[in-house]
Protein chains: 2
Amino acid sequence: MRKSKQRDAILQVLQGTDSHPTAEWIFSRVRREIPNISLGTVYRNLNQLADGHLIQRIFDDGHLRFDANLHRHDHFRCIHCQRILDLEVELVGLDEAISDDDRFNATGYSLEVTGVCNECQHETEEI
Amino acid sequence: MRKSKQRDAILQVLQGTDSHPTAEWIFSRVRREIPNISLGTVYRNLNQLADGHLIQRIFDDGHLRFDANLHRHDHFRCIHCQRILDLEVELVGLDEAISDDDRFNATGYSLEVTGVCNECQHETEEI
DNA sequence: TGATTAATAGGAATCATTACTACTTAAACT
DNA sequence: AGTTTAAGTAGTAATGATTCCTATTAATCA
């Protein structure tokens with residue numbers, strides 16, 4: 001993988017946020033620095049970075065998001081505003097449970113908790 | 001919700017499988033019975049059924065699938081063939097952990113385990 | 001410093017899903 | 001039973017996220 005200022009900028013934007021952004025959001029941020037970067041370049045690099053395990057892909061409710069946080073963690077997703085928050089939960093007994101299952105060979109898992117975030121909770125109360 | 005033979009047929013197809021199918025797969029099955037049903041009708045009814053909690057939506061790696069199994073359960077997804085298997089794992093301590101988190105009000109969660117299913121494991125060994 | 005080839009910009013293509021519209025039909029109301 | 005009315009349908013167009021294509025640019029290396 002050669003170095004390119006586009007990929008560097010993309011990675012830097014992603015590492016500078018904990019908002020689990022979409023490609024479109026990253027595109028709009030990187031554009032401030034490289035105004036004529038194309039959305040295709042953003043997607044291509046995000047996929048390359050994810051394939052090279054420099055970032056992670058997240059699928060929340062059908063939409064693709066990205067995360068520069070590489071250590072194993074899970075997510076909460078607000079069903080109103082789609083905001084994603086990081087979770088650190090210990091899934092006691094899960095490793096044994098899935099290694100006992102002889103239908104497959106597990107390599108990973110991800111937990112998505114859904115609900116309403118505090119901001120959205122307050123909004124609905126105000127109405 | 002009025003009754004329609006299209007919706008009945010769709011629900012029956014979904015209840016008759018544990019393969020967590022896509023809309024397209026359900027479409028191809030229902031077509032055997034109602035040859036001129038349209039894909040839009042399948043999508044509209046699947047969404048209605050899901051909104052009415054008669055079936056569940058599943059998002060596996062960005063693709064929409066459906067499940068007539070309504071009781072809370074999780075899934076294993078094979079990263080080779082995309083097959084989905086049902087899991088019954090008890091997530092010890094999870095309920096307390098997420099209700100202790102004061103950033104949100106959780107209403108549900110889903111766990112997706114990934115890896116290689118036995119069929120795909122054997123295939124790779126044969127090569 | 002020139003050759004090689006990965007990477008890019010810009011735009012076209014793809015694919016799953018949703019929206020639109022004129023027609024059909026379930027079912028509520030005489 | 002016949003009429004009304006609004007939900008449902010078929011067929012097709014539109015959408016939107018993502019990927020693909022191609023001529024050009026630029027990183028790397030002999």
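Because the structure is a prediction, the values reported are computed rather than measured. A note on names: the letters A, B, ... follow the listed sequences, proteins ahead of strands, and every chain is numbered from 1.
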Chemist: Does A/Phe59 belong to the same Ile/Leu/Val/Met/Phe/Trp/Tyr cluster as B/Phe66, with side-chain heavy atoms less than 4.5 Å apart forming each link?
Modeler: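 As far as the 4.5 Å side-chain criterion goes, B/Phe66 and A/Phe59 are not connected within one cluster.
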
Chemist: If hydrophobic clusters are built from ILVMFWY residues whose side chains come within less than 4.5 Å, do A/Tyr109 and B/Val92 share one?
Modeler: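 Hydrophobic grouping puts A/Tyr109 apart from B/Val92.
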
Chemist: Treating Ile, Leu, Val, Met, Phe, Trp and Tyr as nodes and any side-chain heavy-atom pair under 4.5 angstrom as an edge, say whether B/Leu94 and A/Val116 lie in one connected cluster.
Modeler: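 The answer is no; the residues belong to distinct hydrophobic clusters.
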
Chemist: What are the residues of residues 43-65 of chain A, sorted by number, that bring a heavy atom to within less than 4.0 Å of DNA chain D?
Modeler: A/Tyr43, A/Asn47, A/His63, A/Leu64

Chemist: Under 3.5 Å, is there a donor-acceptor pair linking the side chains of A/Ser28 and A/Arg31?
Modeler: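 No, no side-chain donor-acceptor contact under 3.5 Å.
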
Chemist: More than 12 foreign heavy atoms under 6.0 Å from CD of A/Gln48: is that the case here?
Modeler: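 Counting neighbours around CD of A/Gln48, more than 12 heavy atoms of other residues, nucleotides or ligands fall under 6.0 Å, so yes.
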
Chemist: Do B/His63 and B/Asp61 have side-chain N/O donor and acceptor atoms under 3.5 Å apart?
Modeler: no

Chemist: Along nucleotides 24-30 of chain D, 5' to 3', which nucleotides get a B, which get an S, and which get a -, given that the test is a protein heavy-atom distance under 4.0 Å?
Modeler: --BBS--

Chemist: Provide, to the nearest angstrom, the distance between the CG atom belonging to B/Leu39 and the C1' atom belonging to D/dT12.
Modeler: 12 Å

Chemist: Report yes if some heavy atom in the side chain of A/Leu87 is under 4.5 Å from a heavy atom in the side chain of A/His73; otherwise report no.
Modeler: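 No, their side chains stay 4.5 Å or more apart.
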
Chemist: Would you mind telling me which residue lines up with the more 5' stretch of DNA chain C, A/Ile37 or B/Gly40, judged by nearest nucleotide?
Modeler: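 Counting from the 5' end, the first nearest nucleotide belongs to A/Ile37.
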
Chemist: Show me the side-chain donor-acceptor pairs of residues 1-8 of chain B shorter than 3.5 Å, one per line, residues at least two apart or across chains.
Modeler:
from   : atom 1 : to      : atom 2 : distance (Å)
B/Ser4 : OG     : B/Arg7  : N      : 3.0
B/Arg7 : NH1    : B/Asn45 : OD1    : 2.7
B/Arg7 : NH2    : B/Arg2  : O      : 2.2

Chemist: Near DNA chain C, which residues from residues 6-16 of chain A have a heavy atom under 4.0 Å away?
Modeler: A/Gln6, A/Arg7

Chemist: For a side-chain contact (heavy atoms from CB on, under 4.5 Å) with A/Val113, tell me which candidate from B/Ile98, B/Asp101, B/Thr107 qualifies.
Modeler: B/Ile98

Chemist: Please answer: with hydrophobic residues joined when any side-chain heavy atoms are less than 4.5 Å apart, are B/Leu64 and B/Leu54 in the same cluster?
Modeler: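 Yes, B/Leu64 and B/Leu54 fall within the same hydrophobic cluster.
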
Chemist: To the closest 0.5 Å, what do you measure between CG (B/Leu39) and CZ (B/Arg44)?
Modeler: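 Result: 11.0 Å between the selected atoms.
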
Chemist: Roughly how many Å is it from CH2 in A/Trp25 to P in D/dA17, rounded to a whole number?
Modeler: 17 Å

Chemist: Shoot me the first and last contacting nucleotide of DNA chain C against chain B, ordered 5' to 3', at under 4.0 angstrom to non-hydrogen atoms.
Modeler: C/dA16 to C/dA27

Chemist: Side chains of A/Arg65 and A/Ile84, heavy atoms from C-beta outward: is any pair under 4.5 Å?
Modeler: yes

Chemist: Grouping I, L, V, M, F, W and Y whenever their side-chain heavy atoms are under 4.5 Å apart, do A/Ile58 and A/Leu49 come out in a common cluster?
Modeler: no

Chemist: With the side chain counted from C-beta on, respond yes when B/Asp86 and B/His20 share a heavy-atom pair under 4.5 Å apart, and no when they do not.
Modeler: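 Yes - at least one pair of side-chain heavy atoms lies under 4.5 Å apart.
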
Chemist: Please give the angle, rounded to 10 degrees, between the axes at the start and the end of the helix from C/dT1-D/dA30 to C/dT30-D/dA1, where five pairs define each axis.
Modeler: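 End-to-end axis angle for the helix from C/dT1-D/dA30 to C/dT30-D/dA1: 30°, rounded to 10°.
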
Chemist: For A/His80, does the NE2 atom sit with more than 12 other heavy atoms under 6.0 Å from it, leaving out its own atoms?
Modeler: no

